[in-house]
Amino acid sequence: GPDHVEWLGDTLDAVATEKSMIIKPGAPAVVAEARGPFRRRAAECGVPLIVPREGQEWDSRGTSSLIYQGRRYRIPFEGRSFTSNAVLALSALEAADVHLPWAAIHRGLSRCRWPGRGEWVRWRGRPWLLDVAHNPHAMGSLKETFRSRFPRTHPIVVLSLLRAKDAAGVLAALAPW
C-alpha cells in the first residue's frame with residue numbers, strides 16, 4: 001500500500017487529497033496522474049492541471065532514454081518511474097516558463113546520481129542492482145526493470161523492511177518470479 005499512511009491516509013485518493021493542497025492559485029499544477037482530488041483543487045485555485053505524457057525507450061547499458069517535446073534525453077537509470085519523474089521535472093520547468101538551454105538540461109539529467117535507487121554495481125564479477133524499494137508499487141517497478149534487462153534470470157533478492165512497511169505486499173509484488 002501507500003507509504004506514510006498515518007499522515008496521508010491509506011488510499012491513493014486520500015494521499016492525493018493531502019498532496020493536492022500544494023496546488024496554489026497563480027501557478028500551474030504538474031502531476032503524474034489527474035486523480036479527482038488534483039482536478040478539484042486545480043479547479044478551486046483556477047489553475048491548469050498538466051499531466052505530461054512521454055515517449056520512452058530503453059537500452060541495455062543501464063540508462064533510459066526519454067523523448068520530451070521532440071528531444072531525446074538520457075538518464076543514468078533504468079525504469080519507468082525514473083523517466084516519468086524526469087518528464088515531470090521537464091514539464092514543471094515548461095509550466096513555470098523557465099527557459100534553460102537544451103544542453104544544460106540534457107547534461108543535468110545525464111549526470112544525475114541517486115545512490116541506492118536503480119543503481120547497478122559490479123561485485124565479485126557479478127552485476128548487482130541496488131534499490132531501496134520499500135512498497136509494493138516500487139517493488140513491482142523494480143521487478144519490471146530487472147526482467148526487461150535479464151528476462152531469463154531468476155535473481156537472488158536480499159530484502160530488509162521496517163516493521164511498519166507492507167512486507168506481504170512487497171513480497172507479493174515479487175511473485176511469481
Side-chain angles (χ1 to χ4, degrees), residues 2-4 8 12 15-16 18-24 26-35 37-39 41-42 45 47-123 126-153 155 157 170 173-174:
D3 286 333
H4 313 297
L8 300 175
L12 290 177
V15 171
E18 288 297 318
K19 290 187 172 191
S20 73
M21 299 314 292
I22 192 78
I23 299 173
K24 303 291 184 218
V30 181
V31 297
E33 57 182 291
R35 291 193 162 274
F38 293 124
R39 286 195 309 274
R41 180 67 181 162
C45 293
V47 298
L49 186 67
I50 300 165
V51 183
R53 298 287 176 234
E54 74 271 11
Q56 302 181 111
E57 296 177 5
W58 314 98
D59 68 28
S60 60
R61 295 186 310 259
T63 62
S64 297
S65 291
L66 62 98
I67 309 295
Y68 181 78
Q69 302 291 5
R71 293 193 175 234
R72 179 178 305 277
Y73 298 89
R74 297 188 72 65
I75 58 174
F77 302 105
E78 290 178 89
R80 188 169 319 283
S81 61
F82 296 111
T83 55
S84 295
N85 285 338
V87 168
L88 282 170
L90 293 168
S91 299
L93 286 173
E94 183 180 359
D97 204 27
V98 173
H99 301 281
L100 297 172
W102 175 84
I105 295 171
H106 187 268
R107 188 171 48 253
L109 287 174
S110 68
R111 293 180 180 175
C112 182
R113 298 291 177 264
W114 198 357
R117 290 306 316 250
E119 181 182 11
W120 286 98
V121 297
R122 290 199 71 76
W123 186 62
R126 295 181 181 262
W128 291 74
L129 175 58
L130 307 179
D131 199 292
V132 295
H134 59 274
N135 62 47
H137 177 77
M139 189 57 74
S141 179
L142 179 62
K143 176 181 169 182
E144 174 188 323
T145 298
F146 189 92
R147 290 179 94 178
S148 71
R149 186 160 181 192
F150 300 104
R152 293 183 181 92
T153 300
V157 177
V170 169
L174 285 172

Got a sec, which residues hit side-chain contact (heavy atoms from CB on, under 4.5 Å) with A42, two or more places apart in sequence or on another chain?
V47, L49

Note, H134 side chain near V170 side chain (heavy atom, < 4.5 Å)
no

For A173 versus K143, what's the shortest heavy-atom pair and its separation?
O-CD, 3.3 Å

P28: which residues meet the side-chain contact (heavy atoms from CB on, under 4.5 Å) condition with it, sequence neighbours left out?
P48, I50, A95

Starting at CG of L90, measure out to CG of L66 and round the result to the nearest 0.5 Å.
6.5 Å

Identify, with sequence neighbours excluded, every residue that meets salt bridge (charged side-chain N to carboxylate O under 4.0 Å, His left out) alongside R147.
none

Taking only residues two or more places apart in sequence or in another chain, which ones pass salt bridge (charged side-chain N to carboxylate O under 4.0 Å, His left out) with R41?
E44

So do the side chains of I75 and C112 get within less than 4.5 Å of each other, counting heavy atoms only?
no

If only atom types and distance count, is the side chain of E144 paired as donor or acceptor with the main-chain N or O of S141 below 3.5 Å?
no

Of all residues at least two apart in sequence or in a different chain, which pass the side-chain contact (heavy atoms from CB on, under 4.5 Å) check with Q69?
E94

From N135 CG over to M139 CE, what is the distance, rounded to the nearest 0.5 angstrom?
8.5 Å

State which residues pass side-chain contact (heavy atoms from CB on, under 4.5 Å) with E18; sequence neighbours excluded, sorted by chain then number.
L8

Roughly how far, to the nearest 0.5 Å, is the CZ atom of F146 from the OG1 atom of T153?
5.5 Å

Listed by chain and number, what are the side-chain hydrogen bond (donor to acceptor under 3.5 Å, both in side chains) partners of S91, not counting sequence neighbours?
Y68

Could I get the full list of ring-ring contact (aromatic ring centres under 6.0 Å, His included) partners for F38, not counting sequence neighbours?
none

Non-hydrogen atoms of A34 and V51 that approach each other most closely:
CB-CG2, 3.7 Å

Residues forming a side-chain hydrogen bond (donor to acceptor under 3.5 Å, both in side chains) with R39, sequence neighbours excluded:
none

Taking all non-hydrogen atoms of both residues, which atom of G118 and which atom of F82 are closest, and how far apart?
N-CZ, 4.0 Å

Those residues at least two apart in sequence (or on a different chain) that pass ring-ring contact (aromatic ring centres under 6.0 Å, His included) with W128 are W123

Looking at S20 and P37, what are the two nearest heavy atoms and their distance?
CB-O, 3.7 Å

Heavy-atom count around K19 NZ within 6.0 Å, excluding the residue itself: above 12?
no

Enumerate donor-acceptor pairs with a distance under 3.5 Å from any side-chain N or O in residues 104-111 to protein atoms, sequence neighbours excluded.
residue, atom, partner, partner atom, Å
S110, OG, H106, O, 3.1
S110, OG, R107, O, 3.1

Rounded distance [0.5 Å steps], CG in L12 versus NE2 in H137:
9.0 Å

Evaluate whether atom CD1 of I22 has more than 12 neighbouring non-hydrogen atoms of other residues, nucleotides or ligands under 6.0 angstrom away.
no

